[in-house]
Amino acid sequence: MKLVFWLLDINTKIQNDNVDLWLWAIDKSGNRVLLVDHGVTAYFYAVLHDGAEGSYIAKNIMLSYRSIVTKTEIVQRRFFGKRVAAIKIYCKKAVQIAKVAEHIRKHDGISDCYEDDIRPTMRYLRDNGVIPCSWHQVEAKEEKNIPDTRATKVYSINSPPIPLENNSFTPDLRLLAFSMICYSSEGAPKPDLNPVIVLSTVTNNGFEKQFVASQNKDDTTIIQEFMTYIRSFDPDIIVSYGANRTDWTYLRERSHKHGFLLNFDRASSEPHKGVYGHVSTTGIVNIDLADFSNMFPEVKVQNLANFAKNLGVTIERKRIIDETSFADFWDTPQKNAELLQYGLDNAHRVYGTIKLLIDFSIQLSILTLMPLDQVMSAATGFRVESYLIKQAQKIGEIVPRRLEQTYVPYTGGLVLLPKPGLHENIAVLDFKSMYPNIMITYNLSPDTYIQAGDPEPSEGVYVAPEIGYRFRKSPPGFYNEALTHLLNIRAAIRQKMKQQTTRTVEYQVLNARQKALKIITNAIYGYAGWIGARWYIKPVAEAASAWGRHIIWTSSQMAKNDGVEVIYGDTDSLFVKYDKTKNEKLQADIQQTLKLEVEISHVYVRVFFSEAKKRYAGLRQDGSLDIVGLEVIRGDWAEVAKRVQQHVLEIILKVQSPEKAIEYVKSIAIDLQHNRIPLEDLIIWKTLTKPPKNYAVRAPHVQAAKMLIARGARLTIGDKVGYVIQTGKGPLFSRAIPYVFAKIDNVDSTYYITNQVLPAAARVLKSFNITERNLEAIIKEEKTKRLIDYF
DNA sequence: GCGTTCAATGTACCT
DNA sequence: ACAGGTACATTGAACGCG
């Protein structure tokens, strides 16, 4: 029978060395179905030496490995752009590939073997043009003997599915968001000791359900009921915040302790570690919102509440209960209701957030061919690579192996020295998608690079400035085609979006798609210079940045020659004095000379620069402030210092009165002296970048982390530690204390004045001849004045 | 023994 | 585990001085 389905998830099933492909899907009637393909082809390439006798070698291989190799073909392919002849070697079983390739690699006449390291799921999707999160059609036969699976029907298929043309709509997916609370009276909960007390769930039909441990904190029943509930609701997607790191392992260990398995997924298996640090739940897309955090660097302290709030998902209740208080809330009957509500709130936060991000995830999955449950947990480099592997197939490029490479840095973008002080009417010129466009214009790609000493091709070369690397002008390289493709599709989508007046579902999908395209496009330059890349060729990235420097430098010279004052510039932007006529002429000249598009992204009414690069503040025409690089937007300064600097900047840029700014700084300093600033505004957050004992110096946040760990907290690399500085003798690090243990009366207000508020304020006021010393003196003066008043 | 100087360490930012 | 460029605070050893 013919079956039309939407592909939700894909996994391999290995039984007696046989690799089957399992496609979890939703059919047109909304049935959850499983398609099993028993006939997956497994192959790899053995690239031949120049002039090697391919057919002879192939015959030999067939003979030597006749129990394993089923077929060989001589094929023409490309490898780093070079034409190569290769033997495509088909094996009976996918599990044998790596071993066979290892042997054949050493054969006479074979230069190397490739693509034995491509995962069977990727191979299947790529070779057959099957796309995750998309509709397909296939000839299917009902199969009865696949036990232990939760699917309305199980089919076997003998030929791969064919994607349908009209792919745009997503079926109604069943979504379950959950959040877990554990009981621990001492420090971080440990699965061997501490029970799960509350499991809260919210589903897409608006239904809330909570599982609460018994009075004596026995979690046997709730974990079982939680699983029963999952099985009966049968979600397609299960979402959490942080479950890949904690909840799944925790629940698993609790279950095992009680003597049962956490086997709620559609194949009755337990959550298990997959690729890219991801946890797989077979047949169910497991999404962890914590994996999205690098998309939102503006959220400085990563947690569910901040994350949700940043996206506009707010819960009416204001109270956040600290993890360390869960036990107290459980033990105090009057607080029970609040604890339960908090759990439910979190499940709602998870649900509200994934609703905003699911379209993007789906689009990224479609673009990269990575299954939906992997794409968000995969690092950028692997997403780019997955996209490139898909593209490589189209041009017959063999996928290189990942090699151990030594890291050798190269020169990057050019940053111009800013002109310090206040400037009026400043236009910001931006090169649109600079690196992608440079790579297209100069055909920078692993397969167009001409190695030093190699002869120049007849079609000519582009020579990178400063470094002199050469790239053949034609044909278009692998990256060139990929980038052109990405940019063109994105432009088309944005055009389509412009035609839409209302925010339809289609608009949302288009928007998600263009975002996915954008992040992949922008990451290709970085990928090219990444030593972990399969297609790593350092000169490609090096040449792109060399052209970038040349372009920004030349443009700044052109501006000067046109009588346009240049205030600042960084990599792909130029800050210049605004003059409509002159700017537009410059824009046109740059475009003509340098072959890259420039736009005037905005004009500042007034902009402030200190002497430092990468730090400035600009006043926009609508009255808003852009603050860049300064303490205000840094996560490792106390809130009080950031607020002071923000106000100082506003006063300087709007009112333009340093005196008023000083008054303000003074008032806060005095508030600090009198402990009138709440403790939470004094917390300094810093990230642990290694295990505390590995630090070479004694740093405040490390000391604070050690104190937290001593009290049972679970802290790992990447966690933020919040501390405050207390009064006392000795160096700073000895006076740092985790903010949860701190008391406002013990806070060292002098530190906050001299090392936080004053430097932050002086960063701006120095340009107006007010130094930290001045400020300090003014504050002291105020203090004595008060004393005199007092006496 | 004490204050000053400066490289090293560490973190977070910009494009 | 996409790149390099940059600012800045704090530590801690080296240094100079008395």
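A note on names: the letters A, B, ... follow the listed sequences, proteins ahead of strands, and every chain is numbered from 1.
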Taking the ring of [Y] and the ring of [X], is the distance between their centroids below 6.0 Å?
X	Y	value
A/Tyr462	A/Phe471	no
A/Tyr469	A/Trp547	no
A/Phe575	A/Tyr616	yes

Identify which nucleotide among [options] has an atom closest to any side-chain atom of [X], counting heavy atoms from C-beta outward.
X	options	value
A/Val415	C/dT6, B/dC14, C/dC8	C/dT6
A/Glu631	C/dC8, C/dA3, C/dT11	C/dC8
A/Ala523	C/dC2, C/dT6, C/dT11	C/dC2
A/Lys614	C/dT6, C/dC2, C/dA3	C/dT6
A/Phe382	C/dA1, B/dC14, C/dT6	C/dA1
A/Asp636	B/dC14, B/dC13, B/dA12	B/dA12
A/Trp530	C/dT6, C/dG4, C/dA3	C/dA3

What residues 686-705 of chain A contributes to the DNA chain B interface at heavy-atom separation below 4.0 Å is A/Lys686, A/Thr687, A/Thr689, A/Lys690, A/Tyr695, A/Ala696, A/Val697, A/His701
Once you apply a heavy-atom cut-off of 4.0 Å, does [X] come out as touching a base, just sugar-phosphate, or nothing?
X	result
A/Ser545	nothing
A/Leu630	nothing
A/Ala541	nothing
A/Gly529	sugar-phosphate
A/Gly412	sugar-phosphate
A/Phe431	nothing

[X] [atom1] - [N] [atom2] separation (whole Å):
X	N	atom1	atom2	result
A/Arg735	C/dT10	CZ	P	10 Å
A/Ile524	C/dA3	CD1	C1'	14 Å
A/Arg763	C/dT6	CZ	P	18 Å
A/Asn294	B/dA12	CG	C1'	16 Å
A/Arg634	C/dT10	CZ	C1'	13 Å
A/Met434	C/dC2	CE	P	23 Å
A/Leu403	C/dA1	CG	P	20 Å
A/Gln405	C/dA1	CD	P	18 Å

Does a side-chain N or O of [X] approach OP1 or OP2 of [N] to a distance below 4.0 Å, or not?
X	N	answer
A/Tyr751	C/dT10	yes
A/Tyr407	C/dG4	yes
A/Arg615	C/dC8	yes

Note to self: Using only atom types and a distance under 3.5 Å, with no angle test, would you say the side chain of A/Glu397 pairs donor to acceptor with the backbone of A/Gly81?
What the structure shows: yes
Minimal heavy-atom distance between A/Tyr114 and A/Ile398, with the atoms involved, is CB-CG2, 3.4 Å
Can we say [X] and [Y] salt-bridge, meaning some charged N sits less than 4.0 Å from an Asp/Glu carboxylate O?
X	Y	value
A/Arg643	A/Asp681	yes
A/Arg383	A/Asp291	no
A/Lys394	A/Glu481	no

- Query: Centre of A/Tyr568's six-membered ring, under 6.0 Å away, within 45 degrees of the axis: is that where NZ or CZ of A/Lys613 sits?
  - Reply: no
* On a whole-Å scale, what distance lies between the C1' atoms belonging to B/dG10 and C/dC2? -> 22 Å
Closest to the 5' end of DNA chain C, once A/Thr571 and A/Leu417 are matched to their nearest nucleotides, is A/Thr571
